[in-house]
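Computed over heavy atoms, backbone and side chain alike; hydrogens, waters and symmetry mates excluded.
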Amino acid sequence: MASTIQYVEPDDPRLALLIARLPRRLRMATHWLRRPSSRWARIPAGLLLICGGLLSILPVLGLWMLPLGLALLAEDAPPLRRARGRVLDWIERRWPHLLR
């Protein structure tokens with residue numbers, strides 16, 4: 001039996017454009033993690049990604065994990081949400097083609 005994933009519209013349309021650029025499987029996982037009922041998985045996943053980003057000297061882990069973990073935690077922490085907005089502003093200025 002196939003389960004349906006409830007889509008949660010991002011509060012920033014630029015974030016919606018970036019999510020739409022992801023491959024299908026990552027896009028589905030992102031939609032699942034952004035659901036309000038997935039908070040129990042989103043917070044530990046964000047914290048683990050941040051820890052993995054801090055341990056980026058190890059072979060499997062990388063610095064890419066740090067911003068991804070912060071982006072996940074931004075769903076639940078207003079100060080991080082404001083920082084995410086500033087990062088999206090920077091991306092829009094630096095790489096405008098990503099948000100078309």
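- Ion pairing of E75 with R84 is present here, as a side-chain N (NZ or NE/NH1/NH2) and a carboxylate O approach within less than 4.0 Å.
- Here side-chain hydrogen bond (donor to acceptor under 3.5 Å, both in side chains) pairs that include residues 40-60, with residues two or more places apart or in two chains, are R42-D76.
- The ring pair (Phe, Tyr, Trp, His ring centres under 6.0 Å) contacts involving residues 75-94 comprise W90-W95, where partners must be two or more places apart or lie in separate chains.
- Under the 4.5 Å side-chain contact rule for hydrophobic residues, L47 and L55 do not share a cluster.
- For the pair L18/L88, a side-chain contact is recorded, criterion being any heavy-atom separation below 4.5 Å from C-beta on.
- Residues L98 and L17 fail the side-chain proximity criterion, which asks for heavy atoms closer than 4.5 Å.
- Among pairs with a residue in residues 21-33, none fulfils salt bridge (Lys or Arg N to Asp or Glu O under 4.0 Å), at least two apart in sequence or across chains.
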Candidate pair V87 and E92, rule side chain to side chain contact (heavy atoms under 4.5 Å, CB included), full reasoning
CA-CA 9 Å; V87 168; E92 190 172 28; over 6 Å; no
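- Annotation for S38 and L33: closest pair CB-O, 3.9 Å, computed over non-hydrogen atoms.
- Side-chain contact between L72 and L49 is present, with heavy atoms from C-beta onward closer than 4.5 Å.
- Note: the hydrophobic cluster containing L80 also contains L66 (ILVMFWY, side chain heavy atoms under 4.5 Å, direct or indirect links).
- With contacts defined as side-chain heavy-atom distances shorter than 4.5 Å, the pair D89/R94 does not qualify.
- Within the 4.5 Å cutoff, the side chain of L54 has no heavy atoms near those of the C51 side chain.
- Within the structure, the salt bridge (Lys or Arg N to Asp or Glu O under 4.0 Å) test picks out no pair touching residues 47-70 (sequence neighbours left out).
- Side-chain heavy atoms closer than 4.5 Å link hydrophobic residues (I, L, V, M, F, W, Y) into clusters, and following such links, possibly through other members, connects L70 to I43.
- For P79, the side chain to side chain contact (heavy atoms under 4.5 Å, CB included) partners two or more places apart in sequence, or in a different chain, are A77, R82.
- Applying the ring pair (Phe, Tyr, Trp, His ring centres under 6.0 Å) definition to pairs two or more places apart or across chains, none involves residues 51-72.
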Start with the C-alpha distance between L73 and I50, add both sets of side-chain angles, then the distance that settles side chain to side chain contact (heavy atoms under 4.5 Å, CB included), and finish with yes or no. CA-CA 10 Å; L73 289 180; I50 290 170; 3.5 Å; yes
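- Atom CG in L68 sits 11.5 Å away from atom CG in L48 (nearest 0.5 Å).
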